[in-house]
*Asks:* 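Just passing along the structure, written as structure tokens.
In this chain, numbering begins with 1 at the start of the sequence shown.
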Amino acid sequence: MNRTMDISVVVPLYNEEESLQELYAWIERVMNSNGLSYEVIFVNDGSTDHSWEIIKDLSKKYKTVHGIKFRRNYGKSPALFCGFEKAQGDVVITMDADLQDSPEEIPELYRMITEEGYDLVSGWKKKRYDPLSKTIPTKLFNATARKVSGIKNLHDFNCGLKAYRLDVVKNIEVYGEMHRYIPYIAKNAGFNKIGEKIVHHQTRKFGKTKFGGWNRFFNGYLDLISLWFLSTFGIKPMHFFGLLGSLMFIFGFISVVIVGASKLYNMYHGIPYRLVTDSPYFYLSLTAMIIGTQLFLAGFLGELITRNAPERNRYQIETTI
């Protein structure tokens, strides 16, 4: 397929009516001054303000504006997923709609992808203008993500301003709240050349952040554990559940044998003994065997249903432009 478009800009948004026109005008100015062909895909994630009306007005004035409207609020990951599906540019840029991400960074991000050969370039907001309730969880989150993912050169996994080679967004799946870990997802998909660029972070001009700091940290931690587990055992759950279940069963079986052998030994030598069922170790051993069997069966069932969730990334889109 022949593509003539340089850049697709995907902008997920929720109740950002004040900033949309200014954001598009800024993107247009940057693109035109650098001679780049482009499209801007606004993904309206169930906004309750006038964001969609503004997107419709922009699309009537400019052929470069496209829109996707969700019937309800799904979250940032679904918005990115649907935007990635529609993107056509050789390089895909994602950015937030709140004007805290500067479109002036786009040309350099584009150059790093096209000339330096990066698969993905993530922005790093080295100097932030967020409250402590957001910056402290962010630092803890990023330190954990670096450790678990093995991507040591990234300092800001959750930065909304990123650039991707088109092949990357067409070959990864972003769902739930996994947008925080797109570099990790891309790495697991075989896109290993991941870079970082320090970007300018601006103060929020309108409204307030839609995402809580500590809540985001705890949810992100759970998502990270889920992603690590899926990337490690996602296509081979029996390796985890089967091994753990087998160890539990073997431990329980050996314990039962020891309890029974102890009684037989006492009987043979005329030593007073008590019934096996009077020993708490018998019930602990039996419980371990049952749990081990259940874990083994869980691994077997996991093998049968591995990654077969056809409804996982199906969202109710009301209309598109």
*Asks:* For F42, which residues count as a ring pair (Phe, Tyr, Trp, His ring centres under 6.0 Å) partner, sequence neighbours excluded?
*Replies:* none

*Asks:* For F84, does its backbone N or O pair with a side-chain atom of K170 as donor and acceptor, under 3.5 Å?
*Replies:* yes

*Asks:* Would you be so kind as to tabulate the donor-acceptor pairs closer than 3.5 Å made by side chains of residues 290-298, with sequence neighbours excluded?
*Replies:*
residue : atom : partner : partner atom : Å
T293    : OG1  : M289    : O            : 2.9

*Asks:* To the closest 0.5 Å, what do you measure between CD1 (I172) and CZ (F81)?
*Replies:* 10.0 Å

*Asks:* I want to check something: taking the side chain as every heavy atom from C-beta on, are D90 and T114 in contact at a cut-off of under 4.5 Å?
*Replies:* no

*Asks:* Are the side chains of T64 and M31 in touch, meaning some heavy atoms are under 4.5 Å apart?
*Replies:* no

*Asks:* Nearest 0.5 Å, what's the CZ-OG distance between F251 and S285?
*Replies:* 6.5 Å

*Asks:* Considering only heavy atoms from C-beta outward, does the side chain of L80 approach that of V43 to under 4.5 Å?
*Replies:* no

*Asks:* Measure from the side-chain N and O atoms of S77 to the backbone N and O of H179, and report whether any donor-acceptor pair falls under 3.5 Å.
*Replies:* yes

*Asks:* Side-chain contact test, heavy atoms from C-beta onward, threshold under 4.5 Å: evaluate it for D45 versus P12 and give yes or no.
*Replies:* no

*Asks:* Determine, stepwise, if the pair S122 / I194 fulfils side chain to side chain contact (heavy atoms under 4.5 Å, CB included).
*Replies:* CA-CA 8 Å; S122 181; I194 298 173; 5.6 Å; no

*Asks:* Does K193 form a salt bridge (charged side-chain N to carboxylate O under 4.0 Å, His left out) with D119? I'd like the steps, not just the answer.
*Replies:* CA-CA 5 Å; K193 193 165 185 182; D119 296 315; over 6 Å; no

*Asks:* What closest approach, in Å, do L13 and A97 show between heavy atoms, and which atom pair accounts for it?
*Replies:* CB-CB, 3.7 Å

*Asks:* Nearest 0.5 Å please: distance from the CG atom of D6 over to the OH atom of Y110.
*Replies:* 3.5 Å

*Asks:* Look only at the side chain of D96 and the backbone of D98, and say whether a donor-acceptor pair between them is shorter than 3.5 Å.
*Replies:* no

*Asks:* Do the side chains of K197 and E105 get close enough for a salt bridge, i.e. N-O under 4.0 angstrom?
*Replies:* yes

*Asks:* Looking only at atom types and distance, does a side-chain atom of E196 sit under 3.5 Å from a main-chain N or O of H155, one as donor and one as acceptor?
*Replies:* yes

*Asks:* Keeping N34 on the side-chain end and P107 on the backbone end, is there a donor-acceptor pair under 3.5 Å?
*Replies:* no

*Asks:* Would you mind reporting whether Y74 and C82 have side-chain heavy atoms less than 4.5 Å apart?
*Replies:* no

*Asks:* At their closest point, which heavy atom of D167 faces which heavy atom of F191, and how far apart are they?
*Replies:* O-CZ, 3.7 Å

*Asks:* Run K125 and D101 through salt bridge (charged side-chain N to carboxylate O under 4.0 Å, His left out) and show every step you take.
*Replies:* CA-CA 9 Å; K125 297 172 182 175; D101 296 332; 3.1 Å; yes

*Asks:* To the nearest 0.5 angstrom, please state how far the OH atom of Y24 sits from the OG atom of S59.
*Replies:* 10.5 Å

*Asks:* Measure the spacing between CG of L23 and CD of E18 and express it to the nearest 0.5 Å.
*Replies:* 12.5 Å

*Asks:* When rounded to the nearest 0.5 angstrom, what distance separates CD in Q88 from NZ in K86?
*Replies:* 9.5 Å

